[in-house]
Amino acid sequence: MTATTVTPQDAKTRKSPGPGKGQTAQKRPMTAGRVGLQAFLIVMALVWLFPVFFAVVSSFRDYSYTAQHGYVSFGGFTIQNYVQAYQQANFAHTLANSAMITIPAVLLTLFLSCCIAFVVSRFNFKFNLALLGLFTAANLLPPQALLIPVFRMFKAINVPYWISDSGTLLNSYYGLIAVNVAFQTGFCAFVLSNYMKTLPRELYESAVVDGASVTRQFFQLTLPLCRPPLAALATLEVTWIYNEFFWATVLLSSGDKYPVTSSLNNLRGQFFTDNNLVAAGSVLVALPTLIVFFALQKQFVSGLTLGATKG
Amino acid sequence: MTAPVALPADTTEKPPRSKQPRRSRYRGIDQLNGVDRVVVALMIIIPTFLVVALVWFPAVGSVLLSFTNWNGIGSISSAKFIGLTNYQNVVSIYPPFWPAVQHNLIWLAVTFLIATPLGVFLAVLLDREMKGGRIYQTAFYLPVVLSLALIGFIWQLIYSKDQGLLNAVTGSSIDWYGDQRYNLGAALVASSWRQTGYIMLLYLAGLKGVDPSLREAAKVDGANERTTFFKIVFPVMRPINIIVLVVSVIESLRAFDLVWIINKGRNGLELISTLVTQNIVGEASRIGFGSALATFMLLISSVFIVIYLRIVMRDQR
Amino acid sequence: MPRPSTEAEYLARLVPASQGAFSRRSLLRGAVGAGSLLAVPGALAACSSSTSTGTGSGAASATGTVTLGSNQSDAVPKAAVQAVMDAFAKANTGLSVKINTIDHNTFQENINNYLQGAPDDVWTWFSGYRMRFFAAQGLATDVSDLWGSKTDMSAALKTASTGDDGKQYFMPSTYYPWAIFYRKSVFAAKGYQIPKTLDELNTLGTKMKADGLIPIAFGDKDGWPAMGTFDQLNLRVNGYAFHVSLMAGKEDWSGAKVKKVFDTWKGILPLHQTDSLGRTWQEAAQSLQQKKSGMYVLGAFVAQQFTKGAEQDDLDFFNFPEVDSTVGSDAIEAPIDGYMLAAKLKNEAGAKKLLGYLGSADAQNLAVKADPSVIATSDKADQTGYTALQKKSAEFVKSAKSIAQFMDRDTRPDFASTVMIPAIQSFIKSPDDIDGLVKSIQKQKLTIFTS
């Protein structure tokens, strides 16, 4: 598709030998600029990765050794921290709890925020601006400030016992999921509405001409086109809700309902904390979010080929 | 996820037909039929209800509580209305308040001037398909994924006075976390480390959404990459640019967790959010006083919300 | 003012300034579980639910399940709690205990919401103001009937378990003293003598400095460890009565007495490890363990940083030295941990039975064995298995004339955490502006203690 149009652009990068060979980005020859760019990115990436690498290495070291010799030393390597963290923290159970909270909360958040973003970016309603303000501003409220009112409200709402064994929304996953969704929807709706505004209007206009219903426009046109931001947001939201601990501890009162983050606190002593053990536990806890990231990475990396440009 | 399924055949076929001269833009609800109206109404009402009930209603509650001396225990009727006393006390006799405001502003400036531009820059670099692109993305995004416990540990390893890497390598004996001349800077390095990857991810997803035909066209016109970006891509990205700016503001004003894990926001690391937490959460339970602090936070935030909405309003005109 | 000699006397006369407000609120106790945030006051009458007033219904009929909210989340104490509960269930057929373990920090941070939400029947807590506060708010059940027949705990412990209304709400389990810890081997090698007075402490400190040691290990990153130093100095400079009264908010923080405490502290601050605000107490304890520091003012839990056996046996402590001979040094700090009952009990008979058991020597023997840094509160507890440190702790606590808890247990939590932590940290940072500091504390104290 671009085969015949490369020459002007290549003229600029002609410095390198073998001009005009590969035209697509991947096959472009290694110019000085390209080398410089790679070098820059490698250095940056190493700077970014180093602290994590250092911590992971430390999680494989014996606490009494590092306590005595400091972390800038060599020796005391062991996998005991991982063994102990796995045994002590009861990961299997808390991980299941986290899944029960995170998965529905992320799905609901993304779906609801898509709805709002779609309406705000598609229609010119008079109250759009107010709606956008309502959702965006909700992001800025500090959750700590809303703790007491939310807690009181949940306590006052009576629900049947089959929904929650406390008879109120307290100590129930439904309440916790609702709070997470409410707090995250603002951010997602804001991000998504902006992305949706970048979508070409013509697509919708032709859809309307075709007589596509709002539902069809939403599910078959908008959602597929929003794959990159949805993948990016899903990654972020999984990370946030999965690592969220504040609301979980406030709204749940049974320790055995706590999410996986609480396992880390169990590794922390009342007075004494073996940091290497906590690090080992944290690495284990971080694995699911990493998996989600890798699984979705392709989605927001691959980019879009809009139907319109293929013509 | 609400899995975006592959673009159905019929929609992909549509664009050619859109070349028809007839313009048909939505002007208002009048153009929608009955079912569509119900659908749109539900799309608005359900999320709005949730956010209003669980965010705005409690927020109003907090503002009201800030005029009382309630201690959070027992019935709210035991609270006494004390007018603006809490606000007066916050600004006049609460020593950590003004340092906290100052730290929040510094935080905002650093995020705005360093972390965010760096994240955008990395996203632009990584937007081109290149060798190892995914590895770089992973490297920059990794800090965002890690749990707070691990991040706290990571920076402890580097900053610890007696056992840390920084002092071991440089031979200094600076107390990075304890000395308030340095600890805000140290925390900001850690925060930028995380913020950069976050911004990069958001911006990258935005860049991927840019219609590739625009770039093709620019190439045809003989523009180089830099010109293409600044003249073509950047203006199209305006909504995304706004996202990144607003997110930076939000994150700086709400900055909390990193500082909390370092030293619970004390001794040079006071932020308004940590003061709110110290007063409201935990045993302290100074609900009235803490709510007044939270209201200050709301007021500062609302300045930025108004700015944002004005930009949006201008765009729509 | 005459100096009453027992804690009991002090606590008895200790009526917090805000007590009027408390009792008024406890009339509204029924509304505790009911009022929603924006409830109209008038609606409250309609939804008052009855709270248990705690007249024991006879322990004989106790059956079923009792729930226990435990903050003992560390592996060893957690196992100890389990062992205690197993022993309890074994001794009481028909009764079982369901343990709800929540990690220590979360439990503490969340206690207000926990108690007002759906608390467990029995929960771990501390004595002192923290206990009296919840009792006064109607969030705990009166357990005076269990104390009626109790003979194995001292009067001081009973007073420490008594609420503002003169009834008992708390069952002590274990406690541990605060003192100055040191390594016997270091003192023996250098020929150091235990200091009896502040001057001797200063002299010893100077000697240690000359020997290349940091005299006093110090870490206050978390904000609370330095409260211990303040308390020790205050007890020595102004005595126990003043401590209690100061913590109750009845004294002038900007007065000469408090200033003198900070002045004295300023005098020995050069002996302390520098850069303390970036150091956790664990790191400070390690400098003692590695023989880089000579002494450390801390609770007996410092032993947890020493490996069991020879290293722990090398650890010893002495009483904080006398500052003023007219005040003496017979007041110490030994925070008490124990258990309380929720206001609304699902199984009242069972819960009381369990609480009674937790206060017994049998249960405490199990608890103490698990954690060698604490000692049992029951006189009947078996002390033969104690480590040297535990034996010394028991002796030390017994010989003390009066026992304080700890700043964050003896005063309002909001005052301790939002005023005193920043204040003490700013003192450590710049010890020169004591005047400005105490004035700021006093101003904030007035707004907190009147609310």
Side-chain angles (χ1 to χ4, degrees), chain A residues 5 8-9 12 25-26 41 45 48-49 51 55 70-72 110-112 115-116 119 123 133 137-142 144-146 148-150 182 185 191 194 197-198 202 205-206 208 214-215 220-221 223-224 227-229 232 234 239 243 264 279 282 285-286 289 293 300 303 307-309, chain B residues 1-2 4 7-8 11-12 14-15 17-18 24 26 36 39-40 43-44 47 50-51 54-55 58-59 61-62 72 128-129 136 139-140 142 145-147 149-150 153-154 157 163 165 168 201 205 208-209 211-213 219-220 222 224 239 243 250 273 276-277 280-281 287 294 297 301 305 309:
Chain A
T5 60
Q9 199 263 344
K12 302 254 170 194
Q26 295 99 317
L41 285 172
W48 247 248
L49 281 178
Y71 284 100
V72 191
L110 291 180
F111 180 73
L112 292 179
C115 290
I116 279 293
V119 173
F123 303 101
N139 271 311
L140 287 157
L141 304 178
Q144 302 88 356
L146 310 181
I148 299 297
V150 168
T185 300
V191 171
N194 278 301
K197 276 182 206 151
T198 65
E202 294 76 24
E205 282 161 12
S206 56
V208 173
V214 168
T215 331
Q220 299 192 333
L221 189 60
L223 290 190
R227 199 155 41 169
T239 305
N243 285 324
L264 292 181
S282 319
V285 166
T289 47
F293 172 71
F300 59 78
T309 63
Chain B
M1 297 183 23
T2 42
L7 225 61
T11 37
T12 41
K14 243 173 264 155
R17 263 181 266 168
S18 75
S24 56
Y26 272 120
D36 282 352
V39 171
V40 170
M43 283 175 136
I44 298 172
L50 205 62
V51 170
L54 291 179
V55 181
S62 261
R128 345 179 199 194
E129 312 279 321
Y136 297 136
F140 298 129
L142 199 61
V145 187
L146 304 178
S147 73
L150 190 54
F153 175 68
I154 285 172
L157 284 177
Q163 303 176 341
L165 181 74
L201 181 79
K208 296 296 177 190
D211 188 343
S213 63
K219 272 188 197 171
V220 174
N224 68 10
I243 291 186
I250 292 175
S273 59
V276 172
T277 310
I280 287 187
V281 185
I287 306 298
M297 216 165 143
S301 314
I305 296 174
L309 289 178

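Below, chain A is the first sequence line, B the second, and so on; all start at residue 1.
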Check side chain to side chain contact (heavy atoms under 4.5 Å, CB included) between A/Leu49 and all other residues, then give those that pass, not counting sequence neighbours. B/Ala139, B/Leu142
Nearest heavy-atom contact between B/Val51 and A/Ala182 is CG2-O, 3.8 Å
Which one, B/Thr277, B/Ile250, B/Val145, leads in non-hydrogen pairs under 4.5 Å with chain A? B/Val145
Taking every heavy-atom pair that is under 4.5 Å apart, which of A/Leu41, A/Thr215, A/Ile116, A/Thr289 has the most such pairs with chain B? A/Leu41
Counting only non-hydrogen atoms closer than 4.5 Å, does B/Phe153 touch chain A with its backbone (N, CA, C, O), its side chain (CB onward), both, or neither? side chain
Against chain A, label B/Ile287 side chain, backbone, both or neither, depending on which of its atoms sit under 4.5 Å from a heavy atom there. side chain
Going through the checks in order, is the side-chain contact (heavy atoms from CB on, under 4.5 Å) test met by B/Val276 and A/Gln144? CA-CA 7 Å; B/Val276 172; A/Gln144 302 88 356; 3.9 Å; yes
Given that the side chain runs from C-beta out, which part of A/Val191 has a heavy atom under 4.5 Å from chain B: side chain, backbone, both or neither? both
Restricting to side chain to side chain contact (heavy atoms under 4.5 Å, CB included), what partner residues turn up for A/Asn243, sequence neighbours left out? A/Thr239, B/Ser147
Quick one: are A/Leu146 and B/Leu54 in side-chain contact, heavy atoms under 4.5 Å? no
B/Val39, part contacting chain A, at a heavy-atom distance under 4.5 Å: side chain
